[in-house]
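Heads up, the thing below is written out as structure tokens.
Each ligand, and each atom within it, is numbered from 1 in the order the structure gives. Counting begins at 1 with the first residue of the sequence.
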Amino acid sequence: MNEQKTTNNPGIPAGDQGLNGRIALVTGASQGIGRACAIELAKSGATIALAARTVAKLEAVAAEIAAAGGHARSYALDVSSEESIKACAKTILADLGKVEILVNNAGITKDGLTLRMKLADFDDVLRTNLTGAFLLTQAIISSMMKGRWGRVINITSVVGEAGAAGQANYAASKAGLIGLTKSLAREFASRGITVNAVAPGFIQTAMTEELPEAHKAAILAQIPLARYGSDADIAAAVAFLATDAAGYITGHTLDVNGGMYMG
Ligand code: NAP
């Protein structure tokens, strides 16, 4: 006899957040926050298209998901290239039929004080973090419109809300993502598509690893919960926003920052 446990939602197995049969695309899924989001969405039953520039790393994440009983495929994508975005979106839609959940997570930093910042470093960060999210959403969202259900989740940052010295390019890109999120939320609400942002605080990943210890200690002192965040903290928020239970939330920026900024 099948003794599968259920949650309060009839028919949904315990531990399952109800994404069975859904198809999700996560950018920057080769490591850090993107990898954690992909794994969490797969645990909830979604099939995952993993995208980033380094396919070998994506294959390792796909293997990890498969070993846990989930489904994932890897796709080479450079979000700073319109050509790459269009080609990748086309391949994923041909392979998987649709994308219902899009997590725009791929991001870079090129820090420097404004007086010394090269235009190329400003442009690169904007193109990757903001224009990339816009173009990929544009390439994917008609697939969600067809099904009259969709979730776009943009990974912004506490820096987009509070600003940070030495990160004018990064802060502008992440603040831009919040404006993009609200505008898309208004445009696509009538199609059953919600668009939200998650704003991580200081999360321990490769991106933050290289910061000087003194700088990290100064940040820690500003976090009421007195610990750095983990990629799992962000993945849990993303997985929640992807569920039907979050269906009345749109245009929102969800802070996951241990209280370091309360907007
Ligand atoms: P990470 O460890 O550096 O990972 C970045 C990911 O983005 C990698 O998978 C990378 O893969 C991918 N990527 C970078 N450029 C790309 C491009 N042009 N096209 C496609 N993929 C690209 O960073 P993370 O800490 O996990 O950060 C993930 C997101 O969270 C970023 O948007 C970041 O701004 C945001 N965030 C992070 C923190 C934090 O404290 N860590 C805080 C707030 C917000 P490839 O190099 O293989 O392409």
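For atom 20 (C) of ligand 1, the nearest protein heavy atom (residue, atom name, distance) is Leu77 O, 3.1 Å. Nearest to atom 26 (O) of ligand 1 among the protein's heavy atoms is Ile33 N, 2.8 Å. For atom 11 (O) of ligand 1, the nearest protein heavy atom (residue, atom name, distance) is Ser30 OG, 3.1 Å. The single protein non-hydrogen atom nearest to atom 42 (C) of ligand 1 is Gly201 O, 3.0 Å, given as residue, atom name and distance. Protein heavy atom nearest atom 1 (P) of ligand 1, with residue, atom name and distance: Gln31 NE2, 3.4 Å. Scanning all protein heavy atoms for the shortest distance to atom 21 (N) of ligand 1 gives Ala106 CB, 3.5 Å. Nearest protein neighbour of atom 12 (C) of ligand 1, counting heavy atoms only, is Gly28 CA, 3.5 Å. Protein heavy atom in closest approach to atom 46 (O) of ligand 1: Arg53 NH2, 2.9 Å.
Residue Ile108 has at least one heavy-atom neighbour below 4.0 Å for each of these atoms of ligand 1: 14 (C), 15 (N). Taking a cut-off of under 4.0 Å to the non-hydrogen atoms of Tyr170, the atoms of ligand 1 that pass are 33 (C), 34 (O), 35 (C), 36 (N), 43 (C), 44 (C). Close contacts between ligand 1 and Thr156 involve ligand atoms 43 (C), 44 (C) [criterion: under 4.0 Å to a heavy atom]. Which parts of ligand 1 touch Asn105 is read off a 4.0 Å heavy-atom cut-off, strictly below it: atoms 28 (C), 29 (C), 30 (O), 31 (C), 32 (O). Short contacts between ligand 1 and Phe202, defined as distances under 4.0 Å to a heavy atom of the residue, involve ligand atoms 40 (O). Every atom of ligand 1 with a heavy atom of Thr208 under 4.0 Å away is listed here by number and element: 39 (C), 40 (O), 41 (N).
A cation-pi geometry, defined here as NZ or CZ lying under 6.0 Å from the six-membered ring centre and within 45° of its normal, does not hold between Arg191 and Trp149.
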* Worked check of salt bridge (charged side-chain N to carboxylate O under 4.0 Å, His left out) between Lys98 and Glu100 -> CA-CA 6 Å; Lys98 58 185 174 179; Glu100 297 164 297; 3.4 Å; yes

* Begin from the C-alpha positions of Asn196 and Thr181 and carry the test side-chain hydrogen bond (donor to acceptor under 3.5 Å, both in side chains) through to its verdict. => CA-CA 6 Å; Asn196 291 290; Thr181 298; over 6 Å; no

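For atom 5 (C) of ligand 1, the candidate residues are Ser157, Gly107, Gly32, Ala38; the nearest heavy-atom contact is made by Gly107. Checking Ile234, Thr54, Val103 against atom 47 (O) of ligand 1, the nearest heavy atom belongs to Thr54. Comparing Ile155, Val79, Asn129, Val256 by heavy-atom distance to atom 30 (O) of ligand 1, the nearest is Ile155. Closest heavy-atom approach to atom 18 (N) of ligand 1 within the set Asp78, Val198, Asn154: this belongs to Asp78.
Atom OG of Ser143 is separated from atom CD1 of Ile92 by 10.5 Å, given to the nearest 0.5 angstrom. Asp244 CG to Arg22 CZ: the interatomic distance, rounded to the nearest 0.5 Å, is 5.5 Å. Note that the CG atom of Asn105 and the OG1 atom of Thr156 stand 11.5 Å from one another [nearest 0.5 Å].
Using a 4.5 Å heavy-atom threshold, the side chains of Cys37 and Ile33 count as touching. Taking the side chain as every heavy atom from C-beta outward, Ile203 and Ile234 approach each other to under 4.5 Å. Counting heavy atoms from C-beta outward, Val152 and Thr194 have side chains that stay 4.5 Å or more apart. Counting heavy atoms from C-beta on, the side chains of Thr109 and Gln167 come closer than 4.5 Å.
In terms of N/O distances under 3.5 Å, ligand 1 is approached by Ile203.
Residue-level proximity to ligand 1 for Lys57 is absent, since no heavy atom of it falls below 4.0 angstrom. Counting heavy atoms under 4.0 Å from ligand 1, residue Thr205 touches it through the side chain alone.
The two atoms that bring Ala29 and Val61 nearest to each other are O-CG2, 3.6 Å, heavy atoms only.
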Expected list for residues 62-77: side-chain donor-acceptor pairs under 3.5 angstrom, two or more places apart:
residue	atom	partner	partner atom	Å
Glu64	OE1	Arg35	NE	3.4
Glu64	OE1	Arg35	NH2	3.4
Glu64	OE2	Arg35	NH2	2.7
Arg73	NH2	Asp95	OD2	3.3
Tyr75	OH	Asp95	OD2	2.8

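No side-chain donor-acceptor contact under 3.5 Å links Asp78 and Ser84.
Within the 4.0 Å heavy-atom shell around ligand 1 one does not find Arg35.
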